[in-house]
Amino acid sequence: MGYTEEEFLSRSCLENVHPDDREYVATRLISAIKENATGSVEYRCIKKDGSYIWLETNGKMYESSDGTFGAILISRDIERRKLIEQKLRQQLEYQNSLINNMNELLFTYDRSARLTYANRKAIDVIGYSIEELQNMSLFDLAVPEQHEFVAKQLEERFELEVSKNYELFVKRKDGREILLRIKSTPIINCSNSKISEVLVLAEDISEQYLMEKEITRLSQLYTVGEMAVVKGYEIRNPLASVRGFLQLLQNSGDFTRYN
């Protein structure tokens, strides 16, 4: 810490604690004294040069022979561990930021088809909160007509251990049906080499699907129109001939009574 023994003993133990951690440490210390309990606490401690270091302190209350009480505190330097934790936390925040800013829907589900995670895009598109989704399964999202198909996909992911692309109609929270183009991939658990969950990347292709349906409908109408033109031509020519002969026959006296 950089203090001499005299300097250290002349200070309150709370004076060495970072101002932002002081109230927390004091509360834990007072609680331990009242309950005559043992415990540990992590906090930042000030060194003589003004810098701070992370400490983990374990404490235990004791009673001396004259009936007074005190506490034995043993601390260890956890600065390196805290730096590693900070880097891991920053890395996790960065990865979460990437996942939540994806244009694709991302979610995971387990062997029971229960949804275990969803990114921000999935939440925005489907309309459910993350808490609601984590209490739902794939069968709750899929339209009833595709439940059998979903069961088959579950079997393929967990039993056959294969990835696959497919399309699935799901129902949003507002009741509207949308079509998702899905790529599902099994997630292997490193500890036991078994599939623990399935990762799903999905894209909302509802507008594309509706556009394709409209293009198909227009194509069919165009085909019908072409057929009508051809058939009309094929019918009009014979009718014109028939009409011409009828006019000739009408002018003939032999056919007056058939007018």
Note, Lys47 side chain near Ile53 side chain (heavy atom, < 4.5 Å): yes
Any idea how Tyr52 and His18 line up, ring-wise: parallel (<30°), tilted (30 to 60°), or perpendicular (>60°)? tilted
More than 12 foreign heavy atoms under 6.0 Å from OH of Tyr24: is that the case here? yes
Can you check whether Lys152's main-chain N or O pairs, donor with acceptor, with Glu155's side chain at less than 3.5 Å? no
Checking side-chain hydrogen bond (donor to acceptor under 3.5 Å, both in side chains) for the pair Arg114/Ser137: CA distance, chi angles, key distance, verdict? CA-CA 4 Å; Arg114 184 179 62 86; Ser137 73; over 6 Å; no
Where the side chain of Arg76 meets the backbone of Thr57, is there a donor-acceptor pair that is under 3.5 Å apart? no
Given the rule in the side-chain hydrogen bond (donor to acceptor under 3.5 Å, both in side chains) test, do Gln134 and Thr116 qualify, once you have shown the distances and angles that lead to the verdict? CA-CA 5 Å; Gln134 288 176 335; Thr116 55; over 6 Å; no
Taking the six-membered ring for Trp, are Tyr117 and Tyr109 ring centroids under 6.0 Å apart? no
Under a 3.5 Å distance rule, please check whether Asn101 uses its side chain to pair with a backbone N or O of Ser97 as donor and acceptor. yes
Look at the side chain of Arg28 and the backbone N and O of Val41, then say whether any donor-acceptor pair between them is shorter than 3.5 Å. no
Is the number of heavy atoms from other residues, nucleotides or ligands under 6.0 Å of Glu177 CD greater than 12? yes
Taking the side chain as C-beta and beyond, is there a heavy-atom pair between Ile195 and Ile187 under 4.5 Å? no
Return yes if some donor-acceptor pair links the side-chain N/O of Gln146 with the main-chain N/O of Val143 below 3.5 Å, else return no. no
Test of understanding: clusters of I, L, V, M, F, W, Y form through side-chain heavy atoms closer than 4.5 Å, transitively. Do Ile46 and Trp54 belong to the same one? no
For Glu104 versus Asn119, what's the shortest heavy-atom pair and its separation? O-ND2, 3.1 Å
So which atom in Glu7 and which in Gly2 form the shortest heavy-atom distance, rounded to 0.1 Å? OE1-O, 4.5 Å
Side chains of Lys121 and Met102 in contact at under 4.5 Å (non-hydrogen atoms): no
Would you say Asn100's side chain and Asn96's backbone share a donor-acceptor pair under 3.5 angstrom? yes
Between Arg81 and Glu42, is the closest basic N to carboxylate O distance under 4.0 Å? yes
Which heavy atom of Lys171 sits nearest to which heavy atom of Ile126, and what is that distance? O-CG2, 4.5 Å
Measure the shortest side-chain to side-chain distance between Glu167 and Leu179 over non-hydrogen atoms and say whether it is less than 4.5 angstrom. yes
Establish whether Ile78 and Val25 are linked, either directly or via other cluster members, by ILVMFWY side-chain heavy-atom contacts under 4.5 Å. no
pair Ile182-Leu201: side-chain heavy atoms closer than 4.5 Å: no
Taking side chain as C-beta onward, heavy atoms only, is Leu180 less than 4.5 Å from Ile205? no
Leu133 versus Leu115, closest heavy-atom pair with distance: O-CB, 3.3 Å
Heavy-atom closest pair (Ser163 atom, Thr185 atom, distance to 0.1 Å) is OG-CG2, 3.4 Å
Hydrophobic cluster identity match, Val170 and Ile123, side-chain contacts under 4.5 Å: yes
Please indicate whether Met1 has more than 12 foreign heavy atoms, meaning atoms of other residues, nucleotides or ligands, lying under 6.0 Å from its CE. yes
Hydrophobic cluster membership, with links at side-chain heavy-atom distances under 4.5 Å among I/L/V/M/F/W/Y: are Phe107 and Phe149 in one? yes
Check whether Glu15 reaches the backbone of Ser12 with its side chain - one donor and one acceptor, N or O, closer than 3.5 Å. yes
Should the heavy atoms of other residues, nucleotides or ligands under 6.0 Å from CD of Glu5 be counted, would the total exceed 12? no
Given Arg157, which partner from the list Arg111, Lys164, Glu197 fulfils the side-chain contact (heavy atoms from CB on, under 4.5 Å) test? Lys164
For Lys82, is there an ion pair with Glu79 - N to carboxylate O distance below 4.0 angstrom? no
Smallest heavy-atom separation, Arg176 atom then Asp174 atom, equals N-OD1, 3.0 Å
Whether over 12 other heavy atoms sit under 6.0 Å from Glu207 CD: no
Test your reading of the model: is there a side-chain donor-acceptor pair from Asp21 to the backbone of Arg44, 3.5 Å cut-off? yes
Group every Ile, Leu, Val, Met, Phe, Trp and Tyr by side-chain heavy-atom contacts under 4.5 Å, then state whether Val200 and Ile178 land in the same group. yes
Hey, does Lys183 have a side-chain heavy atom less than 4.5 Å from the side chain of Glu203? no
Run the side-chain hydrogen bond (donor to acceptor under 3.5 Å, both in side chains) test on Asn16 and Arg11 for me, step by step, so that the C-alpha distance in whole Å, both residues' side-chain angles and the decisive distance to 0.1 Å come before the verdict. CA-CA 8 Å; Asn16 296 330; Arg11 296 164 61 90; 2.8 Å; yes
Are the side chain of Thr27 and the backbone of Glu23 linked by a donor-acceptor contact shorter than 3.5 Å? yes
